[in-house]
Amino acid sequence: MPSDRIEIRDLSKTFDRDGQSVLALTGVNTSFARGEFVTLFGPSGCGKSTLLRLLAGLERQSTGEIRLFGQTPAEASRLKNIAWVPQSPGLLPWASLRANVRLSERLNRRADRAPDRRRTPEDADEVLRDLGLEDFAEARPAQLSGGMRQRAAIARAFVQGAELMLMDEPFSALDELTRDAVRLRLLQVWEKHRKTVIFVTHSAAEAVMLSDRVVVMTPRPGRVFREVPIDLPRPRTPDVLDSPAFDAKLREVKHVLRAGWEDAP
Ligand SMILES: Nc1ncnc2c1ncn2[C@@H]1O[C@H](COP(=O)(O)OP(=O)(O)O)[C@@H](O)[C@H]1O
Ligand SMILES: [Mg+2]
């Protein structure tokens with residue numbers, strides 16, 4: 001398999017629940033380019049989180065293969081090459097934002113990286129600044145709004161310097177206006193660092209706004225139903241987001257999702 005891509009081949013995952021087996025994913029085939037921003041989009045229960053956990057090496061697939069730039073998820077995770085942005089930010093409550101972000105930088109310092117390539121505390125400050133958190137670097141998480149805490153979780157993931165960033169509905173607890181603002185911040189930071197992002201959402205607008213490509217999944221058992229390229233220009237300025245081309249893509253993604261429902265067994 002080519003080592004400059006993320007490859008998923010014939011993946012399936014069966015869970016055992018109270019003696020019954022639950023097929024969560026079946027026949028999943030797809031691949032992602034380095035630096036691509038891809039969204040897994042589909043209804044609740046279709047296996048999005050499961051797929052992300054398999055990619056992170058937190059769970060083992062039942063059949064099939066995953067390669068992250070030539071490595072297995074376990075290897076990539078041991079080399080600290082995977083960053084995870086969860087649904088709730090999970091910051092240390094007693095530590096300032098800066099301390100939270102720097103701790104992640106220290107814990108994830110990669111042994112295979114030359115010392116001069118290692119990130120410094122300035123990098124933590126730079127990422128906090130890029131996410132509009134510079135005035136809150138000394139604040140504790142409890143002193144911040146939900147949107148700020150989630151931005152801090154994104155900052156923490158970016159200072160890790162991992163090649164692959166996995167984001168599982170990171171904005172689902174935020175109100176709609178806050179979500180929009182945080183999405184734009186995420187795009188700005190991503191455009192600067194260009195890491196590979198696999199982002200999970202069940203919001204079509206979020207998928208189209210952020211992604212280079214939307215991978216539409218079917219209801220359980222989850223399969224890749226179709227992939228929709230989002231060839232809208234970047235940066236995704238307000239002009240782009242208000243354009244008829246954006247609305248057309250949104251309609252297309254919703255239409256494909258519905259077709260996937262009808263296709264389900
Ligand atoms: N640890 C587990 N044990 C048993 N069943 C699970 C487990 N994790 C997920 N599932 C089941 O797998 C299916 C997919 O779940 P999940 O990946 O969380 O979906 P999504 O993130 O798309 O909402 C669901 O039916 C869920 O109940
Ligand atoms: Mg989920």
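For ligands, and for the atoms within them, numbers begin at 1 and follow the listed sequence.
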* Would you say Ser49 has an N, O or S atom lying under 2.8 Å from the Mg ion (ligand 2)? -> yes

Name the option, out of [options], that contains the heavy atom nearest to [atom].
| atom | options | result |
| --- | --- | --- |
| atom 18 (O) of ligand 1 | Pro43, Gly222, Ser49 | Ser49 |
| atom 20 (P) of ligand 1 | Ala24, Gly42, Gly45 | Gly45 |
| atom 27 (O) of ligand 1 | Gln87, Arg53, Arg17 | Arg17 |

Any idea which protein heavy atom is nearest [atom], and the distance to it?
| atom | answer |
| --- | --- |
| atom 19 (O) of ligand 1 | Gly47 N, 3.2 Å |
| atom 6 (C) of ligand 1 | Phe15 CD1, 3.3 Å |
| atom 16 (P) of ligand 1 | Thr50 OG1, 3.7 Å |

* To do: Could you tell me whether Glu65 and Arg67 have a side-chain N and a carboxylate O separated by less than 4.0 Å?
  => yes

* Is Asp130 salt-bridged to Arg185, cutoff N-O under 4.0 Å? -> no

* Asked: Taking the six-membered ring of Phe32, is NZ or CZ of Arg5 closer than 6.0 Å to its centre and within 45° of its axis?
  -> no

* How does Arg220 reach ligand 1, by side chain, by backbone, by both or by neither, if only non-hydrogen atoms under 4.0 Å count? -> side chain

* Structure fact -> Any heavy atom of Lys48 under 4.0 Å from ligand 1? The part involved is both

Quick one: do the [X] and [Y] side chains pair a donor with an acceptor below 3.5 Å?
| X | Y | value |
| --- | --- | --- |
| Gln87 | Ser172 | yes |
| Glu59 | Thr50 | no |
| Ser49 | Asp168 | yes |
| Ser12 | Thr63 | yes |

* Are Leu107 and Trp94 connected in the hydrophobic side-chain network, where two residues link if heavy atoms are under 4.5 Å apart? -> yes

* To do: Could you list which atoms of ligand 1 come closer than 4.0 Å to a heavy atom of Ser44?
  => 23 (O)

* Asked: N/O to N/O below 3.5 Å, does that happen between Cys46 and ligand 1?
  -> yes

